[in-house]
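Reading through the structure tokens given below for one structure.
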Amino acid sequence: MTTSNEQTHDHLAKRVLGRITDEHLTPHPRWKFLVRNYAFWGLGVFAVLLGALAFSATIFEVQNVDWRLFPATHTDSLSFFLATAPFIWVLALALFIFVGYMYVRRTAHGYRYPLIVITVGAMLLSFLLGSGLYAIGFGGEIEEAVGDHPPFYRPILVEERSWWLASQKGLLGGEVEKVSPGVTSFVLRDFSGQIWNVDTSDLRNRDLVAVARGGIVRIIGAPATSTSSIFHACFVFPWVMKGIPRDDPTPLPLAVVASTSGKTAMSQSSACKDIRPYKQLHRVENTW
Amino acid sequence: MRDGLEAYIVTGAMPLPITDEEIVRRTLSDKEAFALLIERYEAKLLRYLERLGIGVREDREDILQNAFIKAYKNLNGFDLTLTFSSWMYRIAHNEAMSFFRTKHARPQLILSEEGEALITELKDEDSDASALAELRLSSEELAKAFATLSPQYRDALTLRFFEDRSYAEMSDILEVPVGTVSTLIHRAKRALRSALPKQFLP
């Protein structure tokens, strides 16, 4: 005599085996599981790599935002922070780390790792790789290449350059093209390509050194008139890009600068002293 | 002792137990061997599903049938670092959760004297609580409180106190880290205690 339990056993085993036969079911091949597992690991690692790219761009942004000059370009520190904080890259980093976590979680043993372990691990990997990428000059490349595409985002360099294309506000930035003997004036090509003759009569020695070194500079001063291309410079700050492989400009012999007599802060003209953050800029200069 | 060692290979005079993993290996070349695994786990898993709150026997059998079919199709993906038992419970667990989701079914729990382990556990946590210490909680009242828990909590308590699973096994079945299992059990116990009728609360 069979018990009801035995009948159920037979019943279920028969039903299952019957379905396997009727529906021609076979175990999925092993390689499918291996491929799936490796694919999730691969996607997890890929997400971490993308996180590393985002992190290298973040470092690039943070390194190249010069907070010391915010009194000249922004009304307050908050608006400067909002304009320069690398929100998009931090968001991208967080997103990639989350995506990486989701993929690793779906690998064969992924569920065994706590969220914090995977997240911190992915962040550390992203930070390490991202720092390496930044060190070899990738941060700027990524910033420029990716930053150009989203309509809601401007790469930080483009953004910063736009602040220094406001000659009417006394802000001018560009590359030193030519310096007159004795550094009495110099020619500057601004970021939009316009050529300016810059009057250096109100510059102090440290500004003249910056001019003589050449390369990209930021100038605070005043245009001679609203229509002319002559700019009266009061402060000159070198603009050295970090995280970008570059050719150093050929500097003028510093002896030329040494032979010139720069102004002191006290002896600058009223055109310079009227500049809004004049005192702050002097303080800024001391931190350079 | 590991689950499922009732089947034996008779070699000469000494019967040797066949491990689940060995049966899995055999099933890959002979599907009939799968019946052995079904026999080993059917009763346990039916009871497990009942404890999860799937009250209708036909539903439990359907879920189990689907779970075994799924296990068969995924036999090559069976991870040898797990026990077959944990792997099979995982599949049954996932099927049951999917059943609750698709049917929007309310759990129908019938807990008999086996709820004792859970009651003892609740008492231990409130050792100074005289109401719980003198608990005269009927299985019906416990079942009622148990049924109000979320499937996740019910599952955690079922595996721990009725199926007697270790935290590591629960981690493999529920596919969460061991730390999460511990948190889950703690929260589930708290939720169960607050779902008990007021006279049983300290």
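Throughout, a chain's letter reflects where its sequence line sits, starting with A, and its residues are numbered from 1.
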Name the region of A:Y111, side chain, backbone, both or neither, that has any atom closer than 4.5 Å to a heavy atom of chain B. both
Please rank B:D172, B:T81, B:N76 by heavy-atom pairs under 4.5 Å with chain A and give me the top one. B:N76
Using a cut-off of under 4.5 Å for heavy-atom pairs, which of B:V176, B:V178, B:L75 has the most such pairs with chain A? B:V176
Relative to chain A, which segment of B:T180 carries a heavy atom at a distance below 4.5 Å: side chain, backbone, both, or neither? neither
Give a yes or no on whether the ring-centroid distance for B:Y41 and B:F84 is below 6.0 angstrom. yes
Lys/Arg N to Asp/Glu carboxylate O, B:R25 vs B:E22, below 4.0 Å: yes
In terms of heavy-atom proximity below 4.5 Å to chain A, should B:T27 be classed as side chain, backbone, both, or neither? neither
Check each atom of A:R105 against the heavy atoms of chain B and say whether the ones under 4.5 Å are side chain, backbone, both or neither. side chain
Inspect the surroundings of CZ in A:R106 and state if more than 12 heavy atoms from other residues, nucleotides or ligands are less than 6.0 Å away. no
Could you check whether B:R57 pairs with B:E61 (Lys NZ or Arg NE/NH1/NH2 to Asp/Glu carboxylate O, under 4.0 Å)? yes
Closer than 4.0 angstrom, basic N to acidic O: yes or no for A:K242 and A:D66? no
Within the 6.0 Å centroid threshold, strictly below: A:W67 and A:F70: no
Between B:L28 and chain A, which part of the residue has a heavy atom less than 4.5 Å away: side chain, backbone, both or neither? side chain
Portion of B:D79 that has a non-hydrogen atom of chain A nearer than 4.5 angstrom: side chain
